[in-house]
2 protein chains.
Amino acid sequence: MSAQKNESFRWLNDEEQAAWRAYLTASARLQQQLDRDLQQNSGMPHAYYMILAMLSEAPDRGMRMTDLAELLSSSPSRLSHAIRKLVELDWIRKDADADDGRVTWACLTDEGMRVLVEAAPGHVTTVVESLFDRLTPTQVAQLREISTAMLQD
Amino acid sequence: MSAQKNESFRWLNDEEQAAWRAYLTASARLQQQLDRDLQQNSGMPHAYYMILAMLSEAPDRGMRMTDLAELLSSSPSRLSHAIRKLVELDWIRKDADADDGRVTWACLTDEGMRVLVEAAPGHVTTVVESLFDRLTPTQVAQLREISTAMLQD
DNA sequence: GCGATTCTCTTGAATGTTCAACTAATTTGC
DNA sequence: GCAAATTAGTTGAACATTCAAGAGAATCGC
């Protein structure tokens with residue numbers, strides 16, 4: 001209040017307000033759906049699935065921790081804790097870098113790949129049913145553009 | 001993979017794949033921005049801000065727990081834990097319902113209202129800068145329609 | 001070369017969320 | 001009326017994430 005009294009201050013207009021409410025609800029529901037579904041069917045949260053998925057597409061199924069964190073929009077700490085758990089499960093292996101002693105590589109194990117391959121169809125079905133089956137192709141393109149715009153800078 | 005071999009199975013096409021990646025990154029970044037910002041400036045996560053915000057708009061600044069949970073897309077348990085913390089902070093008070101002994105009302109205290117009013121301008125600024133300043137009015141309308149479509153059923 | 005800085009990653013504590021189990025109150029079916 | 005089912009909310013344990021602090025390795029500046 002005090003900060004807003006004496007400064008010109010941009011509030012949300014009605015259209016923005018409606019969009020914001022709808023977005024918050026929709027994204028919260030989708031996130032919960034993804035997490036619940038993966039937890040039930042594959043015993044891991046969505047964040048862990050994404051780690052496996054990103055590694056599976058990387059050369060030799062391995063990435064440097066920092067690059068992986070950046071790709072996943074994860075903090076280094078969050079990734080470090082997650083990788084520790086995934087190593088315990090034998091889904092991921094940590095390798096030292098040959099050139100740079102600071103760098104650790106996270107690598108998908110065969111077991112991790114197996115788990116991912118088993119989890120993927122159910123997960124994708126959830127994504128399709130919760131999101132893409134509800135949108136027109138035009139809306140899918142719009143969603144990509146909007147999301148890209150949000151990532152400017 | 002194996003599960004997908006013998007069943008007709010809808011995967012994501014290229015456009016959906018691109019939209020999905022962009023959406024995941026954008027929504028994760030936005031959520032982190034909102035949480036970090038509110039934690040820094042007001043000492044609470046976004047979920048707690050939303051509790052205060054929803055109550056502030058309700059008649060007499062109070063809602064039944066179940067209704068509040070539904071409005072926030074929160075589990076009863078999550079809301080219960082959160083309200084306990086907010087009661088400790090004296091930002092919220094819990095009242096018994098006169099007619100139904102199962103029902104609890106969560107009510108915003110004057111102190112809670114004060115905190116919300118102080119937090120709001122900074123928070124809205126974050127929302128505007130992170131989201132609405134990056135979208136055209138057309139995209140704002142599209143975002144609302146897409147979010148609404150995601151909530152069908 | 002070598003101290004200061006930066007970079008990469010980890011750690012432990014504090015916090016928030018989920019899940020399953022539970023209590024208590026109300027409503028339903030008969 | 002009353003047992004069974006439903007509804008509202010809580011609890012504690014397990015788990016995930018954040019945050020601040022820090023360790024170790026490479027790089028920068030001079």
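Lettering follows sequence order; numbering is per chain, from 1. In this text, all values refer to a predicted model and were calculated from it rather than measured experimentally.
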Rounded off to whole Å, could you give me the CD1-to-P distance for the A:Ile83 and D:dA16 pair? 13 Å
Lys/Arg N to Asp/Glu carboxylate O, A:Glu88 vs A:Lys94, below 4.0 Å: no
Closest to the side chain of B:Asp100, out of C:dT26, D:dT18, D:dG9, is C:dT26
Round to the nearest Å and state the distance from B:Gln39 atom CD to C:dG16 atom C1'. 10 Å
Remember a base hit wins even if backbone is also touched, and classify A:Asp99 as base, sugar-phosphate or nothing at under 4.0 Å, heavy atoms. sugar-phosphate
Counterpart residues, side chain to side chain contact (heavy atoms under 4.5 Å, CB included), relative to B:Thr109 (two or more places apart): B:Arg93, B:Glu111
Please figure out whether A:Gln32 or A:Lys94 has its closest DNA chain C nucleotide nearer the 5' end. A:Lys94
When rounded to whole Å, the CZ to P distance for the pair A:Arg78 and C:dT17 reads 13 Å
On DNA chain D, does the nearest nucleotide to B:Gln40 precede the nearest nucleotide to A:Lys85 from the 5' side, or the other way round? Give the residue. A:Lys85
Picking from C:dT17, C:dT27, C:dT8, the nucleotide nearest the side-chain atoms of A:Thr66 would be C:dT8
Flag yes if A:Phe132 and B:Trp11 sit in one hydrophobic cluster, no otherwise; membership is Ile, Leu, Val, Met, Phe, Trp, Tyr, and two members link when side-chain heavy atoms are under 4.5 Å apart. yes
For atom CZ of A:Arg64 and atom C1' of C:dT10, their distance in whole Å: 17 Å
To the side chain of A:Met65, which of D:dT18, D:dT17, C:dT10 is closest? C:dT10
What is the distance, to the nearest angstrom, from the CE atom on B:Met44 to the P atom on C:dG16? 12 Å
Rounded to whole Å, please give me the gap between CG in A:Leu86 and C1' in D:dC15. 13 Å
B:Arg102 side chain: which of D:dG24, D:dT6, C:dT17 is closest? D:dT6
If each of B:Pro45 and A:Val103 is mapped to the nucleotide of DNA chain C with the nearest heavy atom, which maps nearer the 5' terminus, i.e. the 5' end? A:Val103
Given D:dC15, C:dC9, C:dC19, the nucleotide with the shortest approach to the side chain of A:Pro76: C:dC9
Rounding to an integer number of Å, can you tell me how far A:Asp97 CG sits from D:dA26 C1'? 12 Å
Scan B:Ala47 against the nucleic acid and name what it touches under 4.0 Å (heavy atoms): base, sugar-phosphate only, or nothing. sugar-phosphate
Side-chain donor/acceptor of B:Ser77 to base of C:dC19, under 3.5 Å: yes
Taking the basic N atoms (NZ, or NE/NH1/NH2) and the acidic carboxylate oxygens, is any pair closer than 4.0 Å for B:Arg10 and A:Asp133? yes
For the side chain of B:Ser80, starting at C-beta, report the closest nucleotide among D:dT18, D:dT10, C:dT10. D:dT10
Per side-chain contact (heavy atoms from CB on, under 4.5 Å), A:Trp105 is matched among A:Asp67, A:Leu55, A:Asp97 by A:Asp97
Is B:Leu68 linked to B:Val87 within one hydrophobic cluster, defined over Ile, Leu, Val, Met, Phe, Trp and Tyr using a side-chain heavy-atom separation of less than 4.5 Å? yes
Rounding to an integer number of Å, can you tell me how far A:Gln33 CD sits from C:dT18 P? 13 Å
Side-chain donor/acceptor of A:His81 to base of C:dG12, under 3.5 Å: yes
